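The block underneath contains the structure these notes are about, expressed in structure tokens.
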Amino acid sequence: MDLIPKVYVPSESEQRWYEQWQRDNAFASSPSSRQPYSILMPPPNVTGILHFGHVLNVTLQDIYIRWKRLQGAESCWFPGMDHAGIATQTKVEQELKSEGKTRYDLGREAFIERTWEWKKKYGGVIDQQLRTLGASCDWDRSLFTMDASASRAVQHVFIELFDEGLIYRGKRIVNWSPVAQSALSDEEVVFREVHEQIYTMRYHLEDGSGTMLVATVRPETIFADVALAVNPNDERYTHLIGKSVIIPLRNTPIPIIADEYADPTFGTGVVKITPAHDPNDFIVGTRHNLPMPSCINPDATLNDMAGEFAGLDRFVARKRVVKALEANELLEKSEPYTHNVGFSERGDEAIEPFLSDQWFVRMESLAAPALKAVQSGDVKLHPEHWIKTYEHWMSNIRDWCISRQLWWGHRIPVYYTMDGTGFTAAASEDEARKKLNLGADVQLRQDNDVLDTWFSAWLWPLTTMGWDGTPESGKEIRDFYLPTNLLVTGPDIIFFWVARMIMATLKFDVKKRVPFTDVYFTSIIRDSKGRKLSKSLGNSPDPIGVIDRYGADAVRFTMIYLAPLGTDVRLDVDEKTQDIPSMELGRNFANKIWNVARFLQMKKSEQRDAEVRSDQEIANAILRLQYDATWLKYRYEGVYKDIKAALDDFRITEYSKLLHEFIWIDYCSIYVEKLKINLEFLEDQNERAKYLEFAFSIMENLLILLHPVMPFITEELWHGLFSKPTDVSIGNSTPHASVPTPDEGIEERYHTTGQAVLLAVVESVRRMRSELNISPSIKLPVVLEADGDVVEFLALHIPVIMSMTRANSVSINIDPPLGKYTTQVVRGVNIALEVGGTIDVEKERERLTKEIERLQVLVRGVSAKLSNEGFVAKAKPEVVEAERKKLSDWTQTIETLQRNMDAMASTPQ
RNA sequence: GGGCGCUUAGCUCAGCUGGUUCAGAGCACCUGCCUUACAAGCAGGGGGUCGGGGGUUCAAAUCCCUCAGCGCCCACCA
């Protein structure tokens with residue numbers, strides 16, 4: 001057999017295996033007789049590139065997909081890409097800008113054409129990056145949200161909701177982005193604290209009988225004022241209700257009205273009503289049937305209503321207006337003021353509340369069943385505390401503004417008569433005519449707007465499975481994979497996407513299924529200062545660069561090792577080098593696995609010179625190997641169970657920790673170290689092979705268990721160690737819950753206690769040596785004093801103890817120990833290390849005294865507990881028993897230590 | 001204003017339904033080792049009254065109340 005190379009080079013191996021997997025169609029899945037398991041990948045934006053949020057997200061999904069595949073499920077991971085309306089259009093417009101053009105120069109059709117070209121050229125970089133990371137998606141099922149079938153589904157859904165009256169058109173105040181020149185949904189707006197000025201203006205009464213003081217932060221909107229409102233119970237102003245005031249600078253009269261909205265305790269108690277530029281004023285305006293003029297254009301400049309200020313940007317206009325007010329003695333005062341202002345999540349500009357015609361979805365009837373699905377547990381959220389947030393949003397749901405004044409997206413399938421009086425939603429102009437009972441010669445025009453990107457995303461569970469609106473489309477796929485088993489995503493899009501997918505799938509799936517049964521909300525990745533990773537802060541290294549340095553396996557492993565469910569992850573990002581040093585954790589682990597594999601392989605091919613060993617020595621070594629195999633088997637079985645449970649409960653960090661600890665400590669540091677020692681006594685190749693085979697069989701299972709998180713190195717080693725054909729993947733094998741030992745029927749009585757005592761003894765001797773600064777090259781005699789069962793086991797392991805503690809002799813229960821010893825008592829074993837003339841008797845005495853005192857404190861504690869009647873009466877019997885055992889163990893230990901001290905006193909110096 | 005979460009070693013975090021020497025891991029730090037699988041390693045070590053206070057209990061890092069600090073979500077007062 002060829003030995004695996006001395007050093008593992010992740011980059012080479014990783015690329016090679018991913019290509020192999022693709023050649024073998026290793027991730028393809030289709031309905032079969034096997035148990036289905038499926039995950040929908042949150043479609044990355046077509047403009048997107050991989051960041052560490054994705055790395056965590058994708059790794060988690062891949063772990064489950066691969067894990068279930070190992071368990072024999074028909075595992076399918078549906079990938080895809082989102083057309084990302086605003087983001088993509090912005091990219092292309094920027095490109096145009098550099099050519100000195102705007103989208104209007106091209107016109108709608110050419111612009112869309114150009115965007116498709118952009119997509120072809122630059123879009124989907126992330127697709128390739130996901131492969132680098134090792135994502136085992138069924139790439140043949142990849143869907144783009146603007147693909148024909150998905151577009152048909154979007155159209156179908158729109159028309160159906162329209163016909164049901166759940167989609168309506170209305171003139172409303174919406175969140176307007178002056179940069180994108182489009183409406184945004186409430187979810188796309190983020191509020192930020194802003195320090196501005198609040199201005200108190202004078203509105204003169206029309207009859208000249210006085211002045212009203214009104215505070216505002218937006219004096220530039222006064223031109224669209226339609227009223228002043230006072231609280232009907234505000235005695236200061238009741239006599240003025242019904243009178244009129246003059247709008248400053250505009251000299252137009254507006255009425256003073258009474259409305260509860262005016263808060264007498266705020267400012268002057270008088271509020272100006274500007275329905276076109278403030279959502280609350282809009283409500284008041286509607287209530288009082290007031291006109292709703294706008295003085296601001298879609299690009300946030302003032303219009304003609306603003307007279308001399310027309311054409312100025314809103315913020316420039318504000319300053320000018322204030323100046324003008326001052327000049328005309330219309331400004332009472334100006335004070336600093338801090339309040340929240342909405343900003344576009346994407347473009348970072350202040351949102352302009354804007355009165356316009358938009359399309360909305362009535363959410364109430366859609367939300368009700370979706371709320372129930374979560375409350376009933378049909379859809380389970382992890383961590384559970386998100387349920388509260390979900391409930392709150394769903395029970396206070398507001399209508400969803402779905403129209404966007406963009407060109408890139410699904411165009412709204414609504415057709416209008418040329419005079420605009422008649423309109424309907426339809427799949428084509430022809431159909432619209434039919435629905436409107438119009439003749440074939442009547443011309444119609446289609447709505448100019450496109451739909452919110454999330455309007456296609458909420459259909460993801462259906463469209464990825466081939467649904468295009470017709471009942472039969474994708475039926476076979478949906479009947480097999482739906483509901484999908486798991487959705488992994490960030491909690492930031494719980495409303496944007498998760499909730500809406502539940503609504504849409506319950507509504508439009510023929511069988512009214514939920515889209516998924518479990519949702520795992522991932523952590524947010526932050527830097528060491530707690531800031532979110534972001535390009536602009538420079539604290540977001542390119543994952544591909546980090547993967548180049550450490551390997552994809554290492555990055556994957558480290559991420560889940562550090563990212564427990566529900567809490568944020570902090571990474572030690574080095575901004576200068578764009579490095580994340582903690583990735584060493586995963587890299588070192590990979591290195592460890594690689595090396596132990598290499599070691600076992602070396603042992604296997606090792607040629608033995610015949611050494612002279614007595615039959616007894618050989619028999620003892622075999623007995624030790626048998627005990628160790630039994631011990632490892634039980635440890636393995638326990639870990640296997642724990643891993644399975646951890647993954648079932650979404651304790652993903654636990655999964656990685658279990659493997660890390662078992663492989664590093666139990667397998668490498670304990671089992672293989674002892675194997676190394678014991679094999680020295682065996683020359684018979686068959687006999688050696690037997691125990692090496694066992695080590696390999698555990699190793700194979702560990703590789704399989706590790707495969708979901710470290711797919712590449714496990715594949716590499718699996719082939720390297722077990723000579724598997726290239727086109728067979730570890731991803732299709734199965735980890736065993738139990739592994740047979742080479743010799744069945746071996747006594748199990750030592751497999752926990754014996755090993756524990758043995759290891760404790762070894763540790764104890766090492767500690768004594770270390771504390772006395774004894775060089776590793778010096779070999780010293782060890783004397784053990786023990787009784788009971790364990791004596792036999794320790795005696796059997798003398799060669800192991802010698803090797804592990806660098807002892808030149810180990811004697812058990814010889815008496816009395818002569819010479820100069822340092823001693824410790826561990827698990828009932830009195831351990832003495834002979835250090836000859838180097839011992840400091842005073843120091844040793846001090847140490848023993850201290851240890852005895854420490855134990856006496858513990859004994860007092862336990863005694864008190866045991867003499868407490870309440871404890872003895874009420875605690876579980878096994879707990880009481882355990883305390884009694886502690887008491888007797890510690891008492892015994894104290895006695896032994898005391899004896900050691902006395903012996904030391906009588907030892908000649 | 002409403003809701004949710006977090007606070008355990010210098011740092012990042014585990015500790016599930018209270019009880020096994022339960023106060024842990026990784027990193028960092030200190031000491032000693034290039035012991036032919038691994039210095040990306042091995043052996044050993046120091047360091048925390050589990051945010052403060054109160055309560056329930058025989059028993060609290062764990063359950064309850066309260067206070068403080070931090071963070072997130074929702075709603076947004078001119």
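A, B, ... follow the sequence lines: proteins, then strands. Residue 1 opens every chain. Worth saying up front: this structure is predicted, and the values here are computed from it rather than measured.
With sequence neighbours left out, A:Val829 forms a side chain to side chain contact (heavy atoms under 4.5 Å, CB included) with A:Val757, A:Val761, A:Leu784, A:Ala786, A:Leu794, A:Ile831. Residues passing the side chain to side chain donor-acceptor pair (under 3.5 Å) test with A:Glu851, sequence neighbours excluded: A:Arg854. Partners of A:Arg847 under the side chain to side chain contact (heavy atoms under 4.5 Å, CB included) rule, at least two apart in sequence or in another chain, are A:Glu771, A:Thr822, A:Gln824, A:Glu844.
Closest to the side chain of A:Val596, from the set B:G44, B:A37, B:C13, is B:A37.
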Please list, for nucleotides 20-24 of chain B, all pairs of protein and nucleotide N/O atoms separated by less than 3.5 Å.
residue : atom : partner  : partner atom : Å
B:U21   : OP2  : A:Lys886 : NZ           : 3.1
B:U21   : N3   : A:Trp890 : NE1          : 3.4

Distances for protein N/O vs nucleotides 70-77 of chain B N/O pairs under 3.5 angstrom?
residue : atom : partner  : partner atom : Å
B:C76   : OP1  : A:Arg398 : NH1          : 2.7
B:C76   : OP1  : A:Arg398 : NH2          : 2.9
B:C76   : N3   : A:Asn340 : ND2          : 3.1
B:C77   : OP1  : A:Asn280 : ND2          : 2.5

Watson-Crick and G-U pairing of RNA chain B, under 3.5 Å, as dot-bracket with | and [ ]: (((((((..((((.....[....)))).(((((.......))))).....(((((..]....))))))))))))....
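Of the P atoms belonging to B:U8 and B:A14, the separation is 10 Å, rounded to the nearest Å. Using atom C1' as the reference point in both B:C70 and B:C34, the two lie 47 Å apart (nearest Å).
A:Lys592 contributes a side-chain N or O that forms a donor-acceptor pair with the base of B:C38 under 3.5 Å.
Cation-pi geometry between A:Arg192 and A:Phe343 is met: under 6.0 angstrom from the ring centre, within 45 degrees of the axis.
Among the atoms of the strands shown, base atoms are found under 4.0 Å from some heavy atom of A:Gly269.
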